[in-house]
Undergrad: 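Please read through the structure below; I'll follow up with questions.
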2 protein chains.
Amino acid sequence: MRNVAKKQLETKVVPSAPSRPYRIEEQVGYLLRRAHQRASAIFQVNIGDPNITPTQYSSMVKLNEYTELSQNLLGRLVGMDKATMQGVVRRLKDRGLVDSRPDPGDARRTLLSLTTDGQRIVNKLLMNGPAVSRETLKPLNAAEQRQLLDLLSKIG
Amino acid sequence: MRNVAKKQLETKVVPSAPSRPYRIEEQVGYLLRRAHQRASAIFQVNIGDPNITPTQYSSMVKLNEYTELSQNLLGRLVGMDKATMQGVVRRLKDRGLVDSRPDPGDARRTLLSLTTDGQRIVNKLLMNGPAVSRETLKPLNAAEQRQLLDLLSKIG
DNA sequence: CACGAATAGTACGTATACGAACGATGGCCA
DNA sequence: TGGCCATCGTTCGTATACGTACTATTCGTG
């Protein structure tokens, strides 16, 4: 009963993993939801403009890089479906941060760009961007921070 | 101009970190948003009931563990503020999955519990829970999966 | 005991997030 | 060229998520 060969045999008979108890707090989806909530809260406090949300910021940063983008392409670049993008763009346009014009080469498309105001604001916020990420990653040491970004890139 | 000493001197003059370019796709908040989106999509497809959302599932799992909880305490356990919790509970009650009664010991509180239907459903969904997490973590190997859960726990 | 602070739940407004349906336009190919 | 299908943007409905304000109740302390 206690020799090694028998033990190995028993291992063969029950090859499945020990199957830890299922705890909702340990599931990746739950942890991602909580982490995202915390990241959004830190963004709101540290980005330097309480009226700009993370998705609005992402959109403005991308428009700042590309100068002009169709609404759909911008949505693909920042990971929002077209219905969500529609609302984000509408709010940015209402506030005068984004302009739009019909694409002269394709009447289906709307070309978006930052207004002068939008450029000014995004360049101000970009100065706080690194601090937001730093604060969010603060509980981790440098190696862990790199790991987390790497792992999130892989499952994103 | 090209000897080593001069080079080191120049390095001393600019001692701050190389400061990589700021790319929105590499920021932790952005990556968390994308990863959470993907996890939610995988949940919706694999949990086995298209009408149950991740937060509804979390709430039902917790009610299944504790039998009876006040709305506020449930919200703290699953990480939702009371306004969000209110909506989640209302929808679960509308569908007959959750029951409520006033707390006899504290008239401010509402005690929540699963109905028989709610118990039946959450026990069915719990069988798919591990598969949802497995699918979400699929792009990572076993060591990376453990690392990610560990790092997310630390920043959550 | 009384009063102010804290807590529980509700209601309202705003902002993602996304599926589904819709009309307009463009691309492709028989 | 004509017709079919894909793409783009809009709209609607539903569901988190959260700040704020409000009522009711409870607690703590003087």
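This structure is a prediction, so every number in the text was calculated from the model and none was measured. Letters A, B, ... mirror the listed sequences (proteins, then strands); counts begin at 1.
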Undergrad: May I ask you to say what B/D106 touches in the nucleic acid, namely base, sugar-phosphate or nothing, with a heavy-atom cut-off under 4.0 Å?
TA: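 Sugar-phosphate contact only - B/D106 comes under 4.0 Å of backbone atoms but never of a base.
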Undergrad: Rounded to the Å, how far apart are A/M80 CE and D/dG9 P?
TA: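 It works out to 14 Å between those atoms.
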Undergrad: For the pair made of CG in B/D81 and P in D/dG19, what is the distance, rounded to whole Å?
TA: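 Going from B/D81 (CG) to D/dG19 (P), I get 7 Å.
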Undergrad: Could you check whether any side-chain N or O of A/N128 sits under 3.5 Å from a backbone N or O of A/I47, counting only pairs where one atom can act as donor and the other as acceptor?
TA: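 Yes; judged by distance alone, with no hydrogens or angles, the pair exists.
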Undergrad: Do A/R101 side-chain atoms and A/S113 backbone N/O form a donor-acceptor pair below 3.5 Å?
TA: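 Answer holds: no.
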Undergrad: Want to settle it: does B/A41 or A/A107 sit nearer the 5' end of DNA chain C, counting the closest nucleotide to each?
TA: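 That would be B/A41.
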Undergrad: Are OP1 or OP2 of C/dA6 and a side-chain N or O of B/R108 less than 4.0 angstrom apart?
TA: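 Result: no.
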Undergrad: If you compare every side-chain N and O of A/Q86 against the phosphate oxygens of D/dT10 (OP1, OP2), does one of them come in below 4.0 Å?
TA: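 For D/dT10, OP1/OP2 do have a side-chain N/O of A/Q86 under 4.0 Å.
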Undergrad: Whole angstrom is fine here: how far is it from CG in A/L32 over to P in D/dT16?
TA: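 From A/L32 CG to D/dT16 P: 17 Å.
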Undergrad: When you match A/G79 and B/R76 each to their closest nucleotide on DNA chain C, which lands nearer the 5' end?
TA: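 So the residue in question is B/R76.
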Undergrad: Rounded to the nearest angstrom, tell me the gap between atom CG in A/D94 and atom C1' in C/dT14.
TA: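 About 13 Å, once rounded to whole Å.
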Undergrad: How close or far is atom C1' of D/dG9 from atom CG of A/L112, stated in whole angstroms?
TA: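 Rounded to the whole Å, the gap is 11 Å.
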Undergrad: Between B/S133 and A/Q27, is any side-chain donor less than 3.5 angstrom from a side-chain acceptor?
TA: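 Result is yes, a qualifying pair exists.
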Undergrad: From the options C/dA17, D/dA21, D/dA17, select the nucleotide whose nearest atom is closest to the side chain of A/T55.
TA: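 Nearest listed nucleotide: C/dA17.
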Undergrad: Hey, which sits more toward the 5' end of DNA chain D by its nearest nucleotide, B/T84 or A/Q71?
TA: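 Final value for this comparison: A/Q71.
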Undergrad: Just the rounded figure in Å: distance from P of D/dA15 to CZ of B/F43.
TA: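 It works out to 14 Å between those atoms.
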Undergrad: Does B/Q44 place a side-chain N or O at less than 4.0 Å from the phosphate oxygens OP1/OP2 of D/dA15?
TA: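 For D/dA15, OP1/OP2 do not have a side-chain N/O of B/Q44 under 4.0 Å.
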Undergrad: Let me know, please, whether B/R90 or A/N72 comes out on the 5' side of the other along DNA chain D by nearest nucleotide.
TA: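 Here A/N72 is the residue nearer the 5' end.
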Undergrad: Quickly work out the A/L73 CG to D/dA6 P distance and round it to whole Å.
TA: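 Distance check: A/L73 CG to D/dA6 P gives 21 Å.
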Undergrad: Counting only side-chain N and O atoms of A/R33, is one of them less than 4.0 Å from OP1 or OP2 of D/dA17?
TA: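 Answer yes for this pair, as a side-chain N or O of A/R33 is under 4.0 Å from OP1 or OP2.
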Undergrad: Among C/dA8, C/dA15, C/dA20, find the nucleotide with the atom closest to the side chain of A/A83.
TA: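 When the side chain of A/A83 is considered, C/dA20 is the closest of C/dA8, C/dA15, C/dA20.
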Undergrad: Quick one: A/L92 CG to C/dT14 P, roughly how many Å, whole number?
TA: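 Distance check: A/L92 CG to C/dT14 P gives 16 Å.
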Undergrad: With no hydrogens and no angle check, just 3.5 Å: does a side-chain donor-acceptor pair link A/R91 and A/Q86?
TA: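 Looking only at side-chain atoms, A/Q86 and A/R91 do not form any donor-acceptor pair under 3.5 Å.
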Undergrad: Does OH in A/Y66 sit with more than 12 non-hydrogen atoms of other residues, nucleotides or ligands closer than 6.0 Å?
TA: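 Atom OH in A/Y66 is not crowded, with 12 or fewer foreign heavy atoms closer than 6.0 Å.
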Undergrad: Under 4.0 Å: is that the gap between some side-chain N or O of A/R109 and OP1 or OP2 of C/dG26?
TA: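 Checking A/R109 against C/dG26: no side-chain N or O falls below 4.0 Å of OP1 or OP2.
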Undergrad: Strictly below 4.0 Å: does A/R95 bring a side-chain N or O up to OP1 or OP2 of C/dA15?
TA: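 Answer yes for this pair, as a side-chain N or O of A/R95 is under 4.0 Å from OP1 or OP2.
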Undergrad: Under 4.0 Å between a side-chain N/O of A/Q37 and OP1 or OP2 of D/dA17, yes or no?
TA: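 True: A/Q37 side-chain N/O within range (under 4.0 Å) of D/dA17 OP1/OP2.
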Undergrad: What's the closest nucleotide to the side chain of A/K82 if the choices are C/dA21, C/dA15, D/dG19?
TA: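 Among the listed nucleotides, the one closest to the side chain of A/K82 is C/dA21.
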Undergrad: Is it the case that the side chain of A/T84 and the backbone of A/M80 share a donor-acceptor pair, with hydrogens and angles ignored and the cut-off at 3.5 Å?
TA: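 No, A/T84 side chain to A/M80 backbone: no donor-acceptor pair under 3.5 Å.
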Undergrad: For B/S70 and C/dA8, is the shortest distance between a side-chain N/O and OP1 or OP2 below 4.0 Å?
TA: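 No.
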